[in-house]
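Inspection log for the structure reproduced underneath, given as structure tokens.
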Protein chains: 2
Amino acid sequence: MRKTTAEAQPAPLDAPGNVGDVRKANLARVLAVIAGAHSEHRLSRADIATRSKLTKASVSSLVADLLASGLVIEIGVHRDGERGRPSVGLILNPARCVIGMEINVDYISAGLVDLSGKLLTHQIVPRLNRGVNAEQVIDALSELSSQMQQAAEAQDLKILGGGLAVPGLVDEKSYTVLQAPNLGWETQSLNVRKLLRETKSRFRLFNEANASALAQQQLMGPAERDFLFVSGEVGIGGGLIIDAELFAGPQGHAGELGHVVVQPEGKPCSCGGRGCLETVAGQEAILSAANLGVAARGASRQQRIERLYQALESGQESASIAVADAGKSLGVAVASAMRLFNVSTVVFGGHFAALEQWLLPATTHSLTTHAPSIASQAQLRFSPLGQTGALIGAAHSVVGDLLESPHQLVG
Amino acid sequence: MRKTTAEAQPAPLDAPGNVGDVRKANLARVLAVIAGAHSEHRLSRADIATRSKLTKASVSSLVADLLASGLVIEIGVHRDGERGRPSVGLILNPARCVIGMEINVDYISAGLVDLSGKLLTHQIVPRLNRGVNAEQVIDALSELSSQMQQAAEAQDLKILGGGLAVPGLVDEKSYTVLQAPNLGWETQSLNVRKLLRETKSRFRLFNEANASALAQQQLMGPAERDFLFVSGEVGIGGGLIIDAELFAGPQGHAGELGHVVVQPEGKPCSCGGRGCLETVAGQEAILSAANLGVAARGASRQQRIERLYQALESGQESASIAVADAGKSLGVAVASAMRLFNVSTVVFGGHFAALEQWLLPATTHSLTTHAPSIASQAQLRFSPLGQTGALIGAAHSVVGDLLESPHQLVG
DNA sequence: CCATTTAGTTTATGTCCTGAACTATATGGG
DNA sequence: CCCATATAGTTCAGGACATAAACTAAATGG
């Protein structure tokens, strides 16, 4: 009866479908094609038409809008030796970026990420935020953010949005940190307006593990559509990517591995429960179990971590046993998580990545013991993301939002 | 620049957006409004226009297509005493239905579910399917299905599709049961063509727990958007509803609670691991731990279950301890699952529902011990769904598919 | 210099939603 | 009995959009 080419999508009940929606979808489609091209490969309108399966006419019209939005620019190109009219290259505008930020227990950081996901500049400022009033931390970060914004202006870079990652549970809509035990925060509403001059631009708040998972996704490329990222910071967080999208769960806290029960009769945990993964594999748990000696008492956590590495390198048994115990419990928790989420790839980040060689054998063994059918297909990896992971992920995710709804910048 | 009213959706890369898509989305939208109305409340075109926020003109045109598709029918209505032209009522066609089926360990079943989700007729046939060749079971089910189809024809009911639930992991696309240890099946490709005469109609294969979760969702209504359904059959399965949709995970096996590790040093499990929930709270585990005495040896499982209930009613300690132990481990597993999925409602079905009074105190206590912050907000419920749950869920889900893409029936 | 080739634009056409005008059908008061 | 009023539903002109085909632009190569 009607000629149609694509799948319908049930429109949200508060906004009926409209021919304009098609335009929005196709704008995003064209932009996705441009963004998906290999960075050095400038696409022509004709290329885009082929890849997007839209007609040349439509692509020309859509590209005109994208040029007007400033997300895309033209680069003149003369094809070498080929016949025919030369094509005009189209690329994501390198003069547009998003600011990514992170508040962690012992530092704050900020950086600029361009539309292709590249980290242009960044700065990490050591700062003990534990127990410090949220307002003060935001002020310090605001300072750092201002520096970044000045740096951007100096290079004629326009900032289109921002993302902030914090080590705790967040409510994105209200820009509220619900729980961040490692910062000592509870239900802190963050004044994020201080962080960006352009109040029009979009701003998002992320859990640190989720942001890192997003950065890891970018790192591994689009082929890896499903994995669990386990972030071993002071606490143990988790970020889940399912079908190439962040799966955050009803309140945005899905994937949190730290309080999975690994020893029903185990030690009490800071969460009020007992036998949680964090009581065995959390940074504090490993450090105290490693029995680093009297010299370590009273030292800062950073110093104690250094001691731990030294102890491991020198083969001190109490240290390697502590890490192996952590690895074993990690295997138990990961077995359950892989089962429940039905994922077969797990990426360990944060301090787990640094502990790889001592951790992995125990984790693998434990996983094999508790879930052989999963272990046989499991991919356990360790993330090379350093301290910039969370800010890159937060910024890149905001970039993704922008690229998915370019029509907002067209009007 | 452009006047628009709705959110864009990035079209799948294999099909560009097209004005026709708007129609598809709006057809589904109108249908959703009709389906969402309270069953006795027939909506007029004018009502639909108001609720869908489409214009009267568009609604009239869209409704014409829906009438042509047969999914919707008109019912003349004269409003009592009100002024103005009387409206024409529109309802889902009661003469359209979907056939739902289930293969379980000791029975097969089939039933007809209409577009409003109501079970019209059904039949449950006891049958020991354990260890029986899949082909034979399908033949038996095909027989039952034929009876249903005849019954449908006799009432002028048109069958638009079918859904089949099986107690195991499935691959929907290839109609293959990958693992069904309780049936003794492994990688069985099911010849589902035998089950439906209309080869054009759509057919879907479900895991039993997922199908039951979908039925539970229908039962609880649209307000409950997130919950975990735990199905205590011979094995322990799980179905997860997130944001009012089934979350099946990458391969469709998400939410499977049976092999979550609850005792790292526990008993070996049939899955090859150890300390899985099923080794403590599975039907077999409870029955053998309950120590039902020599009389129970050699009895059928159904008989032994009856004995268990008797023992519990009469206060036999070994039985109540066995169930309490199961409940305790269930609490551990549920604590982890609620944490990982970030859901706060869990519904227990299958034989767990029958054990509610003996199970719940132990489960609640265990949950409180291991995750007090979750326990304080948790909703633990028990499902009233009986043996028809899975078939209703499977059928209803197929109905949902049909209502979401009505354009396929319009042409 | 002109045929060939490829890039991109213009134009006519059909779908679809919208808003406004219009028709259809009821109630109720004079 | 007739007409004002109210509500339901249809018709029609108009604008946004994608499409296909024709057309223009700009290069190469013989």
Side-chain angles (χ1 to χ4, degrees), chain A residues 1-6 8 11 15-30 42-67 74-90 407 410-411, chain B residues 1-6 8 11 15-30 42-67 74-90 407 410-411:
Chain A
M1 184 172 179
R2 282 203 170 72
K3 193 179 64 175
T4 48
T5 59
N18 182 311
V19 273
D21 296 354
V22 177
R23 183 100 184 154
K24 288 182 206 168
N26 285 340
L27 273 173
R29 188 185 181 85
V30 166
R42 313 124 156 37
L43 296 175
S44 66
R45 289 170 175 76
D47 294 332
I48 295 169
T50 309
R51 300 199 189 188
S52 68
K53 296 182 184 167
L54 287 157
T55 61
K56 287 194 294 175
S58 301
V59 170
S60 278
S61 159
L62 291 161
V63 163
D65 279 6
L66 292 177
L67 289 170
E74 283 188 333
I75 291 191
V77 162
H78 295 258
R79 27 176 61 241
D80 314 322
E82 289 284 323
R83 284 216 256 191
R85 172 175 169 178
S87 59
V88 179
L90 294 163
H407 60 277
V410 170
Chain B
M1 184 171 180
R2 280 201 173 72
K3 192 179 65 175
T4 48
T5 59
N18 182 310
V19 271
D21 297 354
V22 177
R23 183 112 187 140
K24 288 182 206 167
N26 284 340
L27 274 173
R29 187 184 182 86
V30 167
R42 313 124 157 38
L43 295 175
S44 67
R45 287 169 176 78
D47 294 331
I48 295 170
T50 308
R51 300 200 189 188
S52 68
K53 296 181 185 169
L54 287 157
T55 60
K56 287 193 296 175
S58 301
V59 170
S60 278
S61 159
L62 291 161
V63 163
D65 279 8
L66 291 178
L67 290 171
E74 283 188 333
I75 291 191
V77 162
H78 294 260
R79 30 176 58 240
D80 315 321
E82 287 286 322
R83 284 214 255 193
R85 174 174 167 176
S87 59
V88 179
L90 294 163
H407 60 278
V410 170

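Reminder, nothing fancy here: chain letters follow the sequence lines and each chain counts from 1.
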Worksheet item: Quick one: which of B:Leu27, B:Leu66, B:Asp65 gives a side chain to side chain contact (heavy atoms under 4.5 Å, CB included) with B:His407?
Response: B:Leu27
Side chain of [X]: nearest nucleotide among [options]?
| X | options | answer |
| --- | --- | --- |
| B:Arg85 | C:dT18, D:dT7, C:dA7 | D:dT7 |
| A:Lys56 | D:dA18, D:dT10, C:dA7 | C:dA7 |
| B:Ser87 | D:dC12, D:dA18, D:dA8 | D:dA8 |
| B:Leu54 | C:dT18, C:dT9, D:dA18 | C:dT18 |
| A:Pro86 | D:dA27, C:dT9, D:dA18 | D:dA27 |
| A:Arg83 | C:dT4, D:dG9, C:dG8 | C:dT4 |

Fill in: Residue pair A:Arg23 / A:Ser61, side-chain donor-acceptor N/O under 3.5 Å
yes
Worksheet entry | Side-chain donor-acceptor pair present, A:Asp47, A:Ser44, cut-off under 3.5 Å |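 There is such a pair (donor and acceptor under 3.5 Å, judged by atom type) between the side chains of A:Asp47 and A:Ser44.
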Discussion item. Between A:Arg45 and A:Glu74, does any NZ, NE, NH1 or NH2 come within less than 4.0 Å of an OD or OE carboxylate oxygen?
Written reply: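 Salt bridge flag = yes for A:Arg45 with A:Glu74.
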Using only side-chain N and O atoms of [X], determine if any of them is under 4.0 Å from OP1 or OP2 of [N].
| X | N | result |
| --- | --- | --- |
| B:Ser44 | D:dT7 | no |
| B:Thr55 | C:dG19 | no |
| B:Asn26 | C:dC16 | no |
| A:Arg23 | D:dA16 | no |

Worksheet item: So what does A:Val88 hit on the nucleic acid, given a heavy-atom distance under 4.0 Å: a base, only sugar-phosphate, or nothing?
Response: sugar-phosphate
Worksheet item: Which part of the nucleic acid, if any, lies within contact of A:Ala46, taking any heavy atom under 4.0 Å across all strands shown: a base, the sugar-phosphate backbone alone, or nothing?
Response: sugar-phosphate
Discussion item. Assuming nearest nucleotide by heavy-atom distance, tell me which of A:Arg45 and B:Val22 is located more 5' along DNA chain C.
Written reply: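 Here A:Arg45 is the residue nearer the 5' end.
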